[in-house]
2 protein chains.
Amino acid sequence: MKQYLEILRNCPLFQQIEEENLLTMLGCLGAKVEFFDKKYTIMAEGTPAKYIGILLSGSAQIARSDYYGNRSILSNIGPAEVFGEAFACAEMGAIPVTVIANEPCTVMLIDRDHILHTCRNQCGFHQQLIFNLMKDLATKVLVFHQKIEVVSKRSTRNKLMTYLMLQAKKQSSNRFTIPFDRQELADYLEVDRSGLSAEIGKLSREGILRSHRHHFELL
Amino acid sequence: MKQYLEILRNCPLFQQIEEENLLTMLGCLGAKVEFFDKKYTIMAEGTPAKYIGILLSGSAQIARSDYYGNRSILSNIGPAEVFGEAFACAEMGAIPVTVIANEPCTVMLIDRDHILHTCRNQCGFHQQLIFNLMKDLATKVLVFHQKIEVVSKRSTRNKLMTYLMLQAKKQSSNRFTIPFDRQELADYLEVDRSGLSAEIGKLSREGILRSHRHHFELL
DNA sequence: CTCCGTTTGTTGAAAATTCAACATACTTTT
DNA sequence: AAAAGTATGTTGAATTTTCAACAAACGGAG
């Protein structure tokens with residue numbers, strides 16, 4: 001576990017918890033670490049919401065597919081980010097999404113029961129953990145607000161521009177990269193891929209943006 | 001405050017807290033109660049995310065409008081439901097939504113600082129409050145997942161059917177009422193109102209549903 | 001370096017959505 | 001009970017999106 005402390009320091013769940021206490025706590029929580037190769041499923045839709053996941057290395061995609069094969073990407077996560085916590089904390093029977101490794105991933109898994117139903121009133125670190133989880137969930141709600149802001153736009157062009165402007169803001173620059181290829185961006189924006197490509201081409205010709213693959217620049 | 005205990009008992013924030021302790025706690029939190037007439041703004045977009053709100057009576061709508069006047073309805077809330085907690089807990093500077101009274105409303109407001117930054121490690125009720133807030137936020141994430149599931153569908157028909165099937169499930173019946181009129185439903189589904197009306201008409205002629213105003217029946 | 005699989009861009013036709021305008025139904029007010 | 005205001009349904013034209021199919025560009029493996 002010691003090798004992961006550096007990353008866990010950046011994890012929202014463990015803020016304000018000293019490193020020496022963190023190791024003890026991970027033991028107490030029964031945290032385990034697993035590895036997933038590229039394209040492997042870290043959590044599968046329909047399986048029990050038993051674990052809270054923390055990405056230690058790599059990146060992963062949170063998505064769902066409806067029964068006509070339309071994939072909808074909810075978000076993309078990187079090292080130190082938490083996933084599955086909402087379903088675990090709400091004690092759902094089954095999770096409604098699939099988490100897939102974009103590249104080889106190291107994942108820490110913590111049983112929800114160890115967080116929700118153990119020693120809640122005894123240990124101070126545990127109290128801090130609950131507090132951190134609460135803050136993390138609050139920011140997750142904001143992430144979904146943003147996604148809804150994007151997909152609530154009525155045209156491909158407006159969805160795309162809303163998304164790109166949010167990314168520019170987040171990366172504090174008019175030049176930035178996005179974590180999606182074209183198909184994935186279309187799946188995030190909930191639009192047709194070819195229509196999205198066409199719209200990017202049109203915006204380029206109008207001098208509104210420049211782009212190459214994952215790189216974008218707003219002009 | 002005593003008159004509101006009955007409702008607060010159903011509020012997710014105060015589960016597992018005895019009534020006698022609840023009154024003390026509300027004092028300690030500096031909870032205040034305000035009244036809003038129909039159509040009045042309970043929280044305005046852009047104002048500081050200073051308060052967590054609890055609806056004591058009436059109903060309200062959580063919505064946002066983009067700068068071309070397209071309104072997007074995020075959800076509809078009723079008595080004992082909590083609102084604004086995600087923005088308050090994430091300590092945002094400004095809230096990105098507007099909360100409007102559908103009818104005369106009684107609202108309890110609690111300053112976020114009293115929840116987040118006071119006596120966090122002393123008082124047991126407070127610990128329970130944080131825990132409840134965490135659970136509440138987890139279910140809020142699920143609410144947004146559902147909304148995204150609905151609006152990610154590519155056609156008006158699929159959005160509508162997905163929404164109606166979720167409502168039928170939630171109300172455990174093929175006959176149910178929805179909290180929206182046609183314009184509001186269109187704003188929730190992020191589609192054109194007249195197109196929505198046309199689609200409802202078509203589904204009726206196809207024998208898939210029956211509807212009258214807020215009442216629907218899936219066949 | 002070449003080959004092969006994947007990603008991205010392009011096109012045109014079909015289908016769906018939006019928009020504006022109006023008719024009808026329903027509610028509330030006076 | 002009539003009038004005024006609001007909500008809902010309907011229509012057709014304009015716009016946009018989707019879909020399928022293909023071409024071009026790119027990247028990795030050998």
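Only heavy atoms go into these numbers, but all of them, side chains included; no hydrogens, no water, no symmetry mates.
For the OP1/OP2 pair of C:dA16 and a distance below 4.0 Å, the side-chain nitrogens and oxygens of B:Arg154 include no atom meeting the criterion.
Relative ring orientation between B:Phe176 and B:Phe216 is described as parallel, the plane-to-plane angle staying below 30° on a 0-90° scale split at 30° and 60°.
Distance, A:Arg182 CZ to C:dT8 P: 6 Å, rounded to whole Å. Atom CD in B:Gln183 sits about 11 Å away from atom P in C:dC19, given to the nearest Å. Taking atom CG of B:Leu196 as the reference point, atom C1' of C:dT18 lies 13 Å away to the nearest angstrom. For B:Asn70 and C:dT17, the CG to P distance is 16 Å, given to the nearest whole Å. One can place CZ of A:Arg210 at 17 Å from C1' of C:dT8, the figure rounded to the nearest angstrom. Straight-line distance from the CG atom of A:Leu160 to the P atom of C:dG9: 11 Å, rounded to whole Å. One atom, CG of B:Leu189, and another, P of C:dT18, lie 11 Å apart when rounded to the nearest Å. Rounded to a whole Å, the CZ atom of A:Arg193 is 14 Å from the P atom of C:dT6.
If you check every strand for non-hydrogen atoms under 4.0 Å, A:Ser197 touches a base. At the heavy-atom level, B:Ser194 lies under 4.0 Å from base atoms of the strands shown. Across all strands, A:Asp181 comes closer than 4.0 Å only to sugar-phosphate atoms, never to a base (heavy-atom distances).
Put simply, the side chain of B:Val82 does not reach to within 4.5 Å of the side chain of B:Ile77, judged on heavy atoms. Within the 4.5 Å cutoff, the side chain of A:Phe83 has heavy atoms near those of the A:Ile42 side chain. Side-chain contact between B:Gln171 and B:Thr177: present, with at least one pair of heavy atoms (C-beta onward) separated by less than 4.5 Å.
Proximity of a side-chain donor or acceptor of B:Gln15 to a complementary backbone N or O of B:Cys11 within less than 3.5 Å is detected. Remark: the backbone N or O of B:Ala49 is paired with a side-chain donor or acceptor of B:Arg112 at under 3.5 angstrom. Between the side chain of B:Asp187 and the backbone N or O of B:Ile73, no donor-acceptor pair lies under 3.5 Å.
Heavy-atom neighbours of B:His214 NE2 from other residues, nucleotides or ligands within 6.0 Å: above the threshold of 12.
A nucleotide of DNA chain D counts as in contact with chain B when one of its atoms lies under 4.0 Å from a heavy atom; the first and last such, 5' to 3', are D:dA7 to D:dT18.
End-to-end axis angle of the helix from C:dC1-D:dG30 to C:dT30-D:dA1, from C1' rotation axes over five pairs per end: 50° (rounded to 10 degrees).
When each of A:Arg71, A:Lys159, A:Lys147 is paired with A:Glu190, the side-chain hydrogen bond (donor to acceptor under 3.5 Å, both in side chains) condition holds for A:Lys147 and for no other.
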All N/O pairs under 3.5 Å across the protein-nucleotides 27-30 of chain C interface:
none

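Between A:Asp111 and A:Lys50, at least one side-chain N (NZ, or NE/NH1/NH2) sits under 4.0 Å from a carboxylate O, which counts as a salt bridge. We find that B:Glu91 and A:Lys135 are joined by a salt bridge, their nearest charged nitrogen and carboxylate oxygen being less than 4.0 Å apart. Ion pairing between B:Arg157 and B:Glu206 holds under the 4.0 Å rule for side-chain N and carboxylate O.
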